[in-house]
**Q** 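One structure is given below, represented as structure tokens, and several questions about it will come after.
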Amino acid sequence: MKAAVLNEQPGGLDIEDVVIDNPGPGEVLLRVMGAGLCHSDLHYMEGIFRSKLPAVLGHESAGIVEAIGEGVSYCKPGDHVICCLSIFCGQCKQCLSGHPYRCSNPAATSRPKGAPSRLRRHDGTPIDQFARLGGFAEMMLVHQNALVKVTNDMPLDRAALIGCGITTGMGAVFRTAKVPPGASVCVIGAGGIGLAAIQAARIAGAVQVIVVDVSDEKLEVARQLGGTHVVNASKVDNVVEAVKELSDGGVEYSFEAIGLKATAEQAFNMLGVGGTATVIGMVPPKQVLEIRGIDLLAEKKLQGSMMGSNQFRTDMPAMVSMYLDGRLKLDEMVSARLSLEEINEGYAAMKRGEVTRQVITFD
Ligand SMILES: NC(=O)c1ccc[n+]([C@@H]2O[C@H](COP(=O)([O-])OP(=O)(O)OC[C@H]3O[C@@H](n4cnc5c(N)ncnc54)[C@H](O)[C@@H]3O)[C@@H](O)[C@H]2O)c1
Ligand SMILES: [Zn+2]
Ligand SMILES: [Zn+2]
């Protein structure tokens, strides 16, 4: 099968013909129908985060079950599914205390040490699956606990976006920060993740959703999806002051959806008394963030969010319902459909900041 392989860091993706194994115990083989381009893969292509190599990147996918391995009880061939990298064992303390996205026992949902790799080259060289998914490929072989079934009337190219970006952005609002009705919110970064957070803030009943980005086109999409005010960071002297002015001294909830020191610090500094800043963006591993200690006396909080603190087997079907009833806008978020061969151009366009979400389709 065809797959997009990262062979060096930094580096682009090579389209290669690779071998995918048959499903082993607990595993499911899927035909991929949609694979979204998330900025996280780009961080690995740029070498800002380290990855095992060679690796098939991609972690925002939806598809149709082709075959199941021994002991798979959750799904059957023909089922439509979304993948999620928050693969849960269901038995560790994190899973059992309501935090399956923080599962501490990945060995329980991986092949045993020494077993053949799920993906390999024709010469036998093992190929890693990024996030134990490897979604930039025609087929995927994953553990059944990486999947959620969805109704057949959900278009699978848009279902793919729920696999990471939508769940991450909406989950940060609903689950990590728990934004209540009536809140004032600011979202910094209106890419795939930020637009999902903006939509969740609208659905949660936030009265003010200020959006900060450097692109007027992104800010226009953000307005259509729920932004009530926009700030172009490249056109104001001081983003924090601009947001404070719009929000009567500071917002109650801020979300950073880029992954930079400057914008993560802006998210904290734009809070009003008692406010909570949630950093969703992947800040480089060695980057230190600075905040003023005195702000803690004003009960301002800075927190992270991993995959929207999701419980994806229940959250994703709810997001599908919100798409089907018109509340969650996904059609408007897809700025391009690409073939697998066009993936490097897609990432170049993301780097230039030209696109909202792009999705690879396989027809
Ligand atoms: N925490 C998690 O679990 C998780 C999950 C998925 C993605 N992420 C991370 O979220 C971040 C966003 O991902 P994405 O796919 O939405 O990226 P994206 O590239 O689609 O969007 C980033 C947006 O930020 C804007 N931007 C860039 N610099 C800016 C600045 N200085 N001020 C204001 N706006 C600026 C860009 O114009 C763009 O609209 C990435 O760091 C990604 O790795 C985290
Ligand atoms: Zn992602
Ligand atoms: Zn677990």
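Note that the structure is predicted; figures quoted are calculated from it, not measured. Both ligands and their constituent atoms are indexed starting at 1 by order of listing.
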**Q** What are the two closest heavy atoms between Leu161 and Val334, and how far apart are they?
**A** CD1-CG2, 3.8 Å

**Q** Looking at ligand 1, is there an atom of it that comes within less than 4.0 Å of some heavy atom belonging to Gln266?
**A** no

**Q** Based purely on interatomic distance, does His43 place a nitrogen or oxygen under 3.5 Å from a nitrogen or oxygen of ligand 1?
**A** yes

**Q** If the test is side-chain contact (heavy atoms from CB on, under 4.5 Å), which one of Asp213, Val212, Val211, Ile210 qualifies with Ile188?
**A** Val212

**Q** Which is closest to atom 36 (C) of ligand 1 in terms of heavy atoms, Val279, Asp213, Ile193?
**A** Asp213

**Q** Check each atom of ligand 1 against the heavy atoms of Ala190 and keep those under 4.0 Å away; list them by number with element.
**A** 39 (O)

**Q** So, does Thr263 use its side chain to make a donor-acceptor pair with the main chain of Leu260 at under 3.5 Å?
**A** yes

**Q** Between the side chain of Gln129 and the main-chain N/O of Leu141, is any donor-acceptor distance below 3.5 Å?
**A** yes

**Q** Identify the protein heavy atom lying closest to atom 15 (O) of ligand 1, giving its residue, its atom name and the separation to 0.1 Å.
**A** Arg357 NH1, 2.7 Å

**Q** Going by the side-chain contact (heavy atoms from CB on, under 4.5 Å) test, name the single residue among Ile343, Val359, Leu37 that passes it with Leu338.
**A** Leu37

**Q** Which atoms of ligand 1 are found less than 4.0 Å from any heavy atom of Met306?
**A** 3 (O)

**Q** Provide the closest heavy-atom pair for Leu53 versus Asn7 in the form atom of the first, atom of the second, distance.
**A** CD1-O, 3.7 Å

**Q** Do side-chain atoms of Asn344 reach the backbone of Leu13 as a donor and acceptor pair under 3.5 angstrom?
**A** yes

**Q** Tell me: protein heavy atom nearest atom 4 (C) of ligand 1, and distance?
**A** Thr168 CG2, 3.6 Å

**Q** Return the residue, atom name and 0.1 Å-rounded distance of the protein heavy atom closest to atom 21 (O) of ligand 1.
**A** Gly191 CA, 3.3 Å

**Q** Between Thr176 and Ser305, what is the shortest heavy-atom contact and its length?
**A** OG1-OG, 2.8 Å

**Q** Kindly indicate whether a cation-pi arrangement holds for Lys329 with Tyr323, taking the cut-offs as under 6.0 Å to the six-membered ring centre and within 45° of the axis.
**A** no

**Q** Polar contacts were defined as any N/O atom of the residue lying under 3.5 Å from an N/O atom of the ligand; does this apply to Ser215 and ligand 1?
**A** no

**Q** Donor-acceptor pair, distance only, cut-off 3.5 Å: does the side chain of Glu138 make one with the backbone of Lys2?
**A** yes

**Q** Mark yes or no for whether Asp41, through its side chain, and Gly58, through its backbone, hold a donor-acceptor pair below 3.5 Å.
**A** yes

**Q** So does Ile162 get a backbone contact from the side chain of Thr167, meaning a donor-acceptor N/O pair under 3.5 Å?
**A** yes

**Q** Give a yes/no on ligand 1: does Gly353 have at least one heavy atom closer than 4.0 angstrom to it?
**A** no

**Q** Heavy-atom distances under 4.0 Å are what count here, so tell me which part of Cys164 touches ligand 1: side chain, backbone, both or neither.
**A** side chain

**Q** State the atoms of ligand 1, each with its element, that fall below the 4.0 Å cut-off from a heavy-atom position in Lys218.
**A** 37 (O), 38 (C), 39 (O)

**Q** How far is atom 35 (C) of ligand 1 from its nearest protein heavy atom, and which residue and atom name does that atom have?
**A** Ile258 CD1, 3.3 Å

**Q** If we only count N/O pairs under 3.5 Å, is Ala257 in contact with ligand 1?
**A** no

**Q** If I apply the N/O under 3.5 Å rule, does Gly192 come out as touching ligand 1?
**A** yes

**Q** Would you name the heavy atoms of Leu29 and Pro23 that are closest together and state the gap between them?
**A** CB-CG, 4.1 Å

**Q** So which heavy atom on Arg158 is nearest to which on Arg337, and how close?
**A** NE-NH2, 3.5 Å

**Q** Under 3.5 Å, is there a donor-acceptor pair between the side chain of Gln208 and the main chain of Leu246?
**A** yes

**Q** Side chains of residues 275-291: which donor-acceptor pairs under 3.5 Å do they make with residues two or more places apart or in other chains?
**A**
| from | atom 1 | to | atom 2 | distance (Å) |
| --- | --- | --- | --- | --- |
| Thr278 | OG1 | Gln303 | NE2 | 3.0 |
| Glu290 | OE1 | Lys261 | NZ | 2.6 |

**Q** Does an N or O from Thr263, backbone or side chain, lie closer than 3.5 Å to an N or O of ligand 1?
**A** no

**Q** Looking at atom 19 (O) of ligand 1, what's its closest protein heavy atom, distance included?
**A** His39 ND1, 2.6 Å

**Q** Is any N or O atom of Gly308, backbone or side chain, closer than 3.5 Å to an N or O atom of ligand 1?
**A** no

**Q** Which protein atoms of type N, O or S are found under 2.8 Å from the Zn ion (ligand 3)?
**A** Cys89 SG, Cys92 SG, Cys95 SG, Cys103 SG

**Q** I'd like to check which ligand 1 atoms, numbered from 1 as shown, lie under 4.0 Å from a non-hydrogen atom of Gly281.
**A** 9 (C), 10 (O), 11 (C), 41 (O)

**Q** Sub-3.5 Å donor-acceptor pair from the side chain of Arg111 to the main-chain atoms of Pro116, do we have one?
**A** yes

**Q** Does Glu252 reach the main-chain N or O of Ser184 with its side chain, forming a donor-acceptor pair under 3.5 Å?
**A** yes

**Q** Relative to ligand 1, is Ser40 under 4.0 angstrom through side chain, backbone, both or neither, heavy atoms considered?
**A** both

**Q** Looking only at protein heavy atoms, which one is nearest to atom 3 (O) of ligand 1, and what is the separation?
**A** Met307 N, 2.7 Å

**Q** Any idea how Tyr44 and Phe49 line up, ring-wise: parallel (<30°), tilted (30 to 60°), or perpendicular (>60°)?
**A** tilted

**Q** What are the atoms of ligand 1, with element, lying closer than 4.0 Å to any heavy atom of Met350?
**A** 19 (O)

**Q** Can you find an N or O of Ile280 that's nearer than 3.5 Å to an N or O of ligand 1?
**A** yes

**Q** Could you tell me which atoms of ligand 1, counted from 1 in the order shown, lie closer than 4.0 angstrom to a heavy atom of Gly189?
**A** 24 (O)

**Q** How close do Met306 and Leu85 get, counting heavy atoms only, and between which atoms?
**A** CE-CD1, 4.1 Å

**Q** Run the contact test for Gly165 against ligand 1 with a 4.0 Å cut-off on heavy atoms, strictly below, and give the result.
**A** no

**Q** Which N, O or S atoms belonging to the protein are less than 2.8 Å from the Zn ion (ligand 2)?
**A** Cys38 SG, His59 NE2, Cys164 SG

**Q** Should the pair His99 and Tyr101 be assigned to parallel (<30°), tilted (30 to 60°) or perpendicular (>60°) ring geometry?
**A** perpendicular

**Q** For Thr125, check side chain to side chain donor-acceptor pair (under 3.5 Å) against everything at least two apart and list the hits.
**A** Asp123

